[in-house]
Every structure is written in C-alpha cells, then in structure tokens.
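Residue numbers run from 1 in the order of the sequence given.
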Amino acid sequence: MFGTDGAGWASTSEEVGRLTAGSLSELLRGFRTRAGLTQAALATKAGLSEQAISVLERGTRQRPRIGTVQALTVALDLTAGEAEEFLAVARGKSRTVRVPTAAPVSPAPAVTDALPVPWQLPPAVPDFTGRAAQIEAVQAALRDPARIRTGAVGLVAVTGMGGIGKTALAVQAAHKLTSSYPDGHLYLNLRGYGPGRPMTTAEALRQLLRSLGLDVQLIPDDMEEAAALLRSQLAGRRVLVLLDNATDVRHVTPLLPASPGSAAIITSRGSMAALPGARQIRLDALSETESVELLSGVIGPARVAAEPDAVERLASFSGRLPLAVRLIGGRLAARPSWPIQHLVDLLRDAERRLDNLGSDETGVRASIASSVEFLSTSDRALDREAAQALPLLSVPDGSDLLTIVVAHLLGVPLRRADLILERLVDLNLLESVAPDRYRLHDLIRAYARELADENLTPPERDAGLDRVLRFYIAAAWACQRLTHPKSPRLSLATVQAEPLPPFPDMGSALRWFDDEQRNLLDRVAQAAGTSIAETAVFPELALAMFGNLEPRRRWVEMRELGRGVVELAERLRLPLTAAWLQHDSAIPEVENGALEAAVLHLFKALEMFRQEADLHGQARCCSSLTYVLGHLGRIDEALEFGNQSLRLSQEIGDVTLEGVAYTAVGGLYDRIGDYERADQAFAQGVALAQKYGDQRSVFKRYVNAGFSHVLVGRYGDAVESVQRAVLLAEQAQDDVGLNESHHTLALAYAGQGRFDTGEYHAREALQFSRRTKNRLREGRILLELAKINAATGDRAAARANATAAAGVLAGLSPIHETQTQELLAHLAGDEPYTYALTNHSI
C-alpha cells in the first residue's frame, strides 16, 4: 500500500532489510534497535513496564492492548505508515514492513485509548471439579482463528437446570481465556431466573456502558440507540463479555459485541438454540466420580477414603448437582466429628430427604431446606437465629447485602448481624463476596422467599424493608451534612438510625453510596409496591439523597428518586419537603438542556415557598432562576431575580445562599459588559466563603468567575482567578476541581493565542478527567487539544486528537460530537484554522 518514494521512508540504498509482520517480536525489536533504545529505555519512554517490552519481543504475547501499541508508536517515533503497519501486525494481520535507517519525518501523534479496561470476572471457584470437555469446548470456540478471519463474533451458550454449575463453568472458562482478550472482561448477572424481576435489557445496557466509563445521564434512553452505542464502544477491541443468568435470546441479543475480536459467554436455564452462530453447551449432572472428587475437595480426601460406600450413597442422594454436593459437604465440613454415614441416615429419612433428588431444581430446594432445618434444630442459639434470619434476608431486592444493612433489616446489633451472616456462610447458604458484603445464590434466595411467604406476614416483610430504607435515609442525611453542611434541607431531616456507616470525610461518604447505589434504587422500586409506598419514607429519601447525587452529577438517579414524590409530600402535608423537591426536580432538566421545563419547576417551587413564608427556599429559587433565565437570554428578568435572591439571603443571614447569588449576578454583569460591578459581585461571593472557612465554595466561585471572564474575553483576569482555584484544589487533593481548573486555564490561554501554555493545561486537564473517569470531560478536552493543534498548524496532531475525541463523545454529547465532526471536516480541506472559543459551560 506504500509507494517506493513515500514520505518518511529511506531510499532503496538506505534500507536495512524487510521484516515480515506476523512476527511482532521481530518488528518491535527492529524499530527499537533503529531508535537506539534499550528495552528499559523504551519502557520508560512509553510509560510501560520493562517486562511488557520483554514479553512482546520474546513473542510470549503477540496480541498487546491497543493502548500499549499506541504508547509504543509514539515512543518509537513511527511514521504514520509505520504506525498503521505496526497496528495491523499487533491485530494479527500479516504485512511486510521496511525499517528505514533515516529518522522518520512526521511522527504519529498520540491517539487516546477510548475506553477504560474493565476486569469484572468474579473469582473462579478454587475447587472446581470436572467439566474438562466442556471447558475445552468453550476455549476451542473462542480461540478459533478461523472465526476471526471470517469476521464472526465468538459466542458460547451454556445452558442447564438451576444449580447445575453453569456460572461456575463459565467463569472458570473465562479466566482461562483472559490472555486472548486483553482489552477487558465484562460480567453481568441478568437475574433472568432469580427472585424478583429480571434485569431488563435496557438496564443491562446501561450497566455495561457505565462499566465502560460512560456517564449514566448521557446514555440514550432508546434501547436500540444504547445497543448501537455499546457496539461502537467495543468496536476494534478484544473484550470478553460474560452474560450470566439470561432469560432468553431476546434478553441478550442487544448486549452482544459485533467486532470479530470480541466474544461472549451466555448462561441460561432456558434454551439458547435460537442464538445465531453460538456454540451450544448443555450441562448435565456431574458423574459419580466427579461428585466424589468435589466432595473430597470440600471435606478432605482422608475423610472420603475412610467411608467410600457412604460417600457414594451421599453423592447419589445429592443428585450429583454441584450446588447440592457443596451444601452437603459444607454441613459435614462444619461437623468434623460426624461420620458420613450419619448424614446418609438423615437423608434416608423421608422427612429429611432431598425432594426429587436429581430431577429438577426442586432437588436444590430440598438440599437447601435440609441445611436450614439443621440450623433451626441446632442446640446453638446462633444457629437457630441464623435459620430464623434467612427468610427475612431474602426479602430486599438487590444484588447483595451489607452487614450494616442486615443489622437494620433484622433489627439486631451490628456484631450479631456479622455472626449470623458468617454462620450462614459456613453452611454455604450465603456467599461472602467481600468484607462485610454478602450475596444469596439465586436458588437459595428463591427457597428463602418461599419460607418468608410461609412464615412472615406482609406487615412483617414490609417492616423489614421499611427499616432498610430508613437506614438509607439516615445515611444520606449524614452524607449531606458533609457535602452541604449549611443546606436548609437538613432542617427537614426526621429519620435517625444507628448504626451508620463510618464517614470520616465527604469522599468516604460519596464512595459508600457509589457502591450501594444500585441496591438502594432496587429496594426503593420494590418498596413502591408495598404498604410503604404512601409513607413519608419516599419524599424524605429523595430529599436526603440530594447530598450524594448532586456532587456526583447523577441526574438520572435524581429524576428516578424524584418521580411522584412532590405530590406524595403534598398529600402527606409536608409542604416544605414538597417545595424543595419541586426545586430539585428542575436540576435534571437544566443538565439535560430542558431550560424552559426547568423554569416552570422553579416558578412552582417559588410559589410554594412563598405560601409557607420560607425565605431560604425563596432565596434559593431566585438564585436558580437567575442562572437559568440568564442562559435563556432573559437578562433583565434574571437580574431582577438575582437581586431578590441577594436581598432575601441577606435578610435571613444565609451567607451560603448570598454567595451563590453574588456569583450568579456577577456572571450577568460580565455578559452585559459592566465589568466593575461583575468584579464586585464575584469578590463579595468569594469573601463570604473565605470569612466562614468554606473552602469548597471559595474554589467553585473562583472557577465560576474565571470562566465568566473567559466568555467575555477577560483572559488575564480569568487566569488570575483560576490560578487561585488551582491552589485550593491541590491543597484539597480534589481531582475533579483540578480537572475544571486546568480546563478553564486551557481556554483562557488559547483564547489569547498562547497555544503552548493552553496545550499544557489541556493535557493536565485530560489527565485528571481520566483519573476521575469523566468520559464527557475527556472528550471535550481532546476536542480542545485538537483545536489548539489546528490553530498552530499541526494538522496531523489535530486530526488525531479530534478523531480520538469523536470516539469518546459518540453517543455522549450531541453538541460536542457535532463540533468535533465539523472540525474534522475543516481539517480535511486546505484552509487554515482560526481558533475560536466554544461558548459552553465548564
């Protein structure tokens, strides 16, 4: 594909030979030698480990990650042609490449790795037994080179009855395949046959896209659009996706990758025969030999060897189902003094025998019942308490249970909850997935819910769920006291609960809710169908969660929790709660660009606060209207509300609201060219925050003032303001703040033509956007870098960064995606590029 006199290539007399691509190790070694670098020097220059370079040159690894290839491309100063050939070889495409002795002319610019690399596979079962043929079949299907050459996606469907070991086999096989899929491994439990509703395909798409680093609020609501976005994000990658516990083919089809380098393993109790191109693997029960081997792994080979006949009988009674064998083995392991024959005798009893052993999932239910019965008839109080707890543990929806959540669910002290959970783990009725985090197997939960239906009244079940939601409310208020310590909303807190998670600082509180958020939302949705639905729990939870959702910018979840709560609060005669929730319902509208809808919410909230003579709420609504009306161009109206907010906040002595109002008004004065009054307003806002030691507000007001100055061309003033913000963010080790600060500085310097300094700050901002996993900000900064490159005449770097930006922004932000495509179209021509500031918020 290259001419003999192509730019950047040596003449024929200068050539040192030809390297056959297909030997990635030779090609890499040749480029490194030409560059005069040792392996250690190349590793340092590329930001890789020396071991990574070594294994590539030895040929131990022939399919490196795309990010590794890109890093080596830059470090080796490859030309565009060489970079393309190098990438082709790394992807397994055979090419012939000439290595020149002359230095390359146009080094390829850095191309950003568009996706984070997820490593989500659950741990493989350490005592996995048997299934050698099935494991080999999975590996053969997903490592078949002919499949990749034909462009087919690798698909394997593992099916069989509940408890047969589908997940264990799929995870075991996936771990053996990790080296073949270096760009990541996604895992998702679709809950197709678990208790409660299955995860919908739309929910699954959202979770997969979030795992790839996309902000939830920017994921399309339309399922087909979200599926297309997922395929786009996986394109060109070698990723293994494990979709566990699917309902049917329709459930998983939109979740599958489309690139031939990727593959998926699907497990289901139902048939997957209609899944085109999938290798079908149906699991049967273990053989007797495998059952004995598995039992030996649980209780020890010496004990098995001592009673071989009893072991064979026990394997028969278990139905040779892996789950049943493990449960029975767990009982024996916990009772080292029991002869195996004694358990055989117990299971021989018709009252205790496993139901329909080996026929269907009722056998698993009977096996679970046997273990639960043992606990409930034990002489130990802890065992009996664990048996009594199991039905209630199954009531809350969600993937797992925290020890502290269980303490509130059961109404017991934290230490007692821990003992109960660990006792259930001892009998394999519960899985410990992490410290203080537990999970019920779907079949065990199904059985436990049967017990709950039999032994707990609906009011008892609802009371347990109510205690859990009240715990979440109390924890959310604790978080809000850290994130918004002066918020008027805090005065409306009524729910208290002990114990609460230890929140030593704001960061720990936010991270705790990050981890527990999905469980919380699942349980809120569940409670909506119970007697709790018409209680004050729902509006107070939505109000309390503001302190977590606002700092994390989780507008989709804010909208979800806020659905219907304003009207419920009004029915319950909670007027101030209703008013604040009405105000907060405007926030997702603003962030999604629906400014007119937001204005309606804010006017309603303002009237509600006026009816209650609540000046705090009135002041907040006025400052919010100042911001939204200003963006709508209704400047005079916005100034009127800004002045009202200032007057009200000063009247009630709320310095936080006063500072917010000054900042909003300052932006309006900047827009109309009254810079003196703008500076006065910004300075007053900062001074108030400094006076009361609110460093977070000081930082935000410096950044907001700086960006306002950028928009009107006051670049020197902007730099001065934002540099102060940088110092505060560095002191607080606030990566989000540093991201915003450096982004604003990049705009300020680029706006005045100081492109080298602007590029420096853009690259700093890019680093922090990746550290905070903010994909939208990453794409916007790449776009800014591309504009700076284009303005300096470096069109190759501009195209590279714009292309990378387009890959990141696809499906995230239509506005910025359009700007990126317009820049790429301009770069395709010959006209020079003139830098222009894009008027959008930081």
Side-chain angles (χ1 to χ4, degrees), residues 122-138 158-176 244 267 269 281-336 338-344 346-347 353-371 374 424-433 439 441-444 447:
V125 177
D127 56 359
F128 184 84
T129 301
R131 313 293 200 193
Q134 292 88 346
I135 292 285
E136 184 177 344
V138 174
V158 182
T159 59
M161 63 178 290
I164 203 69
K166 301 181 295 296
T167 299
L169 180 136
V171 170
Q172 190 81 11
H175 276 284
K176 293 178 179 293
D244 194 17
T267 74
R269 296 183 199 174
I281 298 177
R282 183 180 182 278
L283 296 187
D284 291 319
L286 296 172
S287 68
E288 182 175 298
T289 300
E290 290 171 338
S291 298
V292 171
E293 183 181 350
L294 177 56
L295 186 62
S296 177
V298 177
I299 66 174
R303 202 169 172 191
V304 167
E307 297 182 75
D309 294 338
V311 167
E312 290 182 9
R313 294 295 305 276
L314 196 60
S316 176
F317 280 140
S318 73
R320 303 195 308 278
L321 299 176
L323 177 60
V325 173
R326 291 184 188 281
L327 288 169
I328 293 171
R331 292 185 64 184
L332 287 171
R335 300 157 185 79
W338 274 23
I340 297 176
Q341 184 61 45
H342 177 64
L343 183 55
V344 171
L346 288 177
L347 295 177
R353 187 180 306 166
L354 303 176
D355 271 348
N356 301 317
L357 273 170
S359 59
D360 53 33
E361 70 182 66
T362 59
V364 176
R365 174 161 42 83
S367 176
I368 299 169
S370 176
S371 295
F374 173 81
L424 290 169
V425 170
D426 288 342
L427 270 72
N428 293 313
L429 291 169
L430 197 64
E431 181 185 2
S432 176
V433 295
R439 185 171 300 154
H441 185 279
D442 57 352
L443 297 175
I444 297 174
Y447 173 74

Inset, instruction - Please check if the side chain of Glu307 supplies one atom and the backbone of Ile340 the other of a donor-acceptor pair under 3.5 Å. - result: yes
Inset, instruction - Look at atom CD of Gln341 and say whether more than 12 heavy atoms of other residues, nucleotides or ligands are closer to it than 6.0 Å. - result: yes
Legend entry - Between CD1 on residue Ile135 and CD on residue Gln172, distance to nearest 0.5 Å: 5.5 Å
Legend entry - Contacts of Arg303 that satisfy salt bridge (Lys or Arg N to Asp or Glu O under 4.0 Å) - sequence neighbours left out: none
Legend entry - Ser296 side chain vs Val292 backbone, donor-acceptor pair below 3.5 Å: no
Legend entry - Any donor-acceptor N/O pair, His175 side chain to Pro122 backbone, under 3.5 Å: yes
Inset, instruction - Under the salt bridge (Lys or Arg N to Asp or Glu O under 4.0 Å) rule, collect the residues that match up with Asp309, sequence neighbours excluded. - result: none
Legend entry - Flag side-chain contact, heavy atom, 4.5 Å: Val298 against Val325: no
Legend entry - Any side-chain heavy-atom pair of Pro322 and Arg131 under 4.5 Å: yes
Inset, instruction - Would you indicate whether the side-chain heavy atoms of Val311 and Leu295 approach each other to under 4.5 Å? - result: yes
Inset, instruction - Drop me the distance from Ile299's CD1 to Leu332's CG, to the nearest 0.5 angstrom. - result: 5.0 Å
Inset, instruction - Taking the side chain as every heavy atom from C-beta outward, state whether Phe128 and Leu169 have any pair of such atoms under 4.5 Å apart. - result: yes
Legend entry - Separation between CD1 of Ile164 and OG1 of Thr267, rounded to the nearest 0.5 Å: 13.0 Å
Inset, instruction - Decide yes or no on side-chain contact (heavy atoms from CB on, under 4.5 Å) for Val138 and Ile281, but give the supporting numbers first. - result: CA-CA 8 Å; Val138 174; Ile281 298 177; 3.3 Å; yes
Legend entry - Between OG1 on residue Thr129 and CD on residue Glu293, distance to nearest 0.5 Å: 4.5 Å
Legend entry - Heavy-atom side-chain contact between Leu283 and Gln134 under 4.5 Å: yes
Inset, instruction - State, with a plain yes or no, whether a side-chain heavy atom of Leu286 is found less than 4.5 Å away from one of Leu294. - result: yes
